[in-house]
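All values below were derived from every heavy atom in this structure, side-chain atoms included, with hydrogens, water molecules and symmetry-related copies excluded. FYI, the numbering just counts along the sequence from 1. Counting starts at 1 for both ligands and their atoms, in listed order.
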Amino acid sequence: MAAFENFKQQVNAAAKLAGLTEKEQTALEKPDRVLRADLEVVLDSGSKATFPAYRIQFNNARGPYKGGIRFHPEADEDEVSALAAMMMVKCAVVGIPFGGAKGGVTVDPKKLSVRERQALARAYVQAFSDHLGPDQDIPAPDVYTNPSVMAHMLDEYEIITGKSQPAMITGKPIALGGSLGRDTATADGAIAVLEALLEDERVDVAGLTAAVQGAGNAGAQAARRLAHLGTKVVALSDSSGTLQDESGLDVAALLEGKAQKKEFSAVGKVDAVDAVLSANADLFVPAALEEQLRIDTVDALRARYVLEIANGPTTPEADALLATRGVTVVPDVLANAGGVAVSYFEWVQGRTGDYWKKEVVEARLSEIMRKAYREVADFARERTVTLRAAAYALALKRVAEAMRERGRL
Ligand code: GLU
């Protein structure tokens, strides 16, 4: 099903819980602005290539638009709209003063050279600079973009505007005003929520087994953190296959191997990419792309807990099935909000010029994530609904309140 349709289903399911009128619900389902451009890049060969690009600004009632930019062959308007909407929800769930946005370029960045990727990053900012800025819309990394892409985007923006504006983008390199702890924030935030949940359930994290899907920035860090906490990571996958060991993988060594050889299939014996889904593990951590847990794949899942580090890894139909099976799903809009929470810290630091110690970032991240978990879990318990329905309901309430205060509703 189309990604934006999935979002609307979530809103529909949460609207009553949030006490929204039909008019309010409709207002929360509409992006404010859909920006589209064709980015032209001169390739190393000398020929020109054009890549479709999007920036979708969803709702700025609670603060400036905020959200990452992905470079991916399947990025399109539908997907970017859904992800922008989820940013609105996410920022409201963790109570940071931002609205929602997302960007995307339809491109396979693995096929670009370093120079071509830089040219693409600059072309993106040239296309959308009028709509970006620390008080307007603040981009960040997402799938297949990284601090280096953010650095080129910042540089281009400052050339265009003629002034230093470190708060116009987050996830920057430390040398350009990036925040300590931003690189590990998504996974660290997810683990903070998982720990709070397991404390509620009186389950020892060290007694669990885990399967982690995806070994990008967030997946790799989550696997490392879990291994560090004593959880046995029995399966770990990337786009080349799944590494498995019932007695626990040596996560640090395997990730080191991937850093050198690029793919797990070059590091050890791998099973199918999807094998990670059916691994015999208590906890499943999707940290790759959307729609991994679907009606046709969800039966294979053996986990009791799902910690959604990816955006949108579970379809609404699979989600409903998991709920009836008693599987606890920590939804993306809560589980992966640590990334944007530390982006918020980075934005504050860029605006004030006061840069924080790593311990300060870590302590404030943990505080924000635990508070958000507590609010969502309490709401879910009181109303006997899933954590996802509770997170959406709380977030929609907050956005609707801001819109009402502004006289927009
Ligand atoms: N791309 C990340 C997300 O989906 C981070 C967004 C941000 O830091 O603005 O949450």
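R374 and D200 are joined by a salt bridge, as a carboxylate oxygen and a charged side-chain nitrogen come within less than 4.0 angstrom of each other. Using a 4.0 Å cut-off between a side-chain N of Lys or Arg and a carboxylate O of Asp or Glu, R388 and D332 qualify as a salt bridge. Salt bridge present: E375 and R398 bring a charged side-chain N and a carboxylate O closer than 4.0 Å. Between E79 and R70, at least one side-chain nitrogen of the basic residue sits less than 4.0 Å from a carboxylate oxygen of the acidic one, meeting the salt-bridge criterion. Using a cutoff of 4.0 Å between basic side-chain nitrogens and carboxylate oxygens, D299 and R294 are not scored as salt-bridged. A salt bridge does not link K66 with D137: every distance from a Lys NZ or Arg NE/NH1/NH2 to an Asp or Glu carboxylate oxygen is 4.0 Å or more.
Taking every heavy atom of both residues into account, P286 and V306 meet most closely at CD-CG1, 3.8 Å.
Residue contacts with ligand 1, taken as heavy atom pairs separated by less than 4.0 Å, do not involve L83 at all. Residue-level proximity to ligand 1 for E346 is absent, since no heavy atom of it falls below 4.0 angstrom. Neither the backbone nor the side chain of A337 comes within contact range of ligand 1; no heavy atom lies under 4.0 Å.
In this structure, atom 8 (O) of ligand 1 lies nearest to the protein heavy atom S343 OG, 2.6 Å. Here the heavy atom of the protein found nearest to atom 7 (C) of ligand 1 is A140 CB, 3.3 Å. Of the protein's non-hydrogen atoms, the one nearest atom 5 (C) of ligand 1 is R182 NH2, 3.5 Å. Closest to atom 9 (O) of ligand 1, if we only count protein heavy atoms, is K66 NZ, 2.7 Å.
Contact between G171 and ligand 1 is absent, with no heavy atom of the residue lying under 4.0 Å from the ligand. Heavy atoms of P141 approach ligand 1 to within less than 4.0 angstrom.
Atoms of ligand 1 lying under 4.0 Å from at least one heavy atom of G67, given by number and element, are 9 (O). Listed by number with element, the atoms of ligand 1 under 4.0 angstrom from any heavy atom of K102 are 1 (N), 3 (C), 4 (O). Listed by number with element, the atoms of ligand 1 under 4.0 Å from a non-hydrogen atom of M87 are 3 (C), 4 (O), 6 (C), 10 (O).
Although no hydrogens or angles enter the test, the distance criterion places no donor-acceptor pair under 3.5 Å between the side chain of E346 and the main chain of R182.
Summarising the local packing, CD of E22 is surrounded by 12 or fewer heavy atoms from other residues, nucleotides or ligands at distances under 6.0 Å.
Relative to atom 10 (O) of ligand 1, the option among R70, K90, M150, M86 with the closest non-hydrogen atom is K90.
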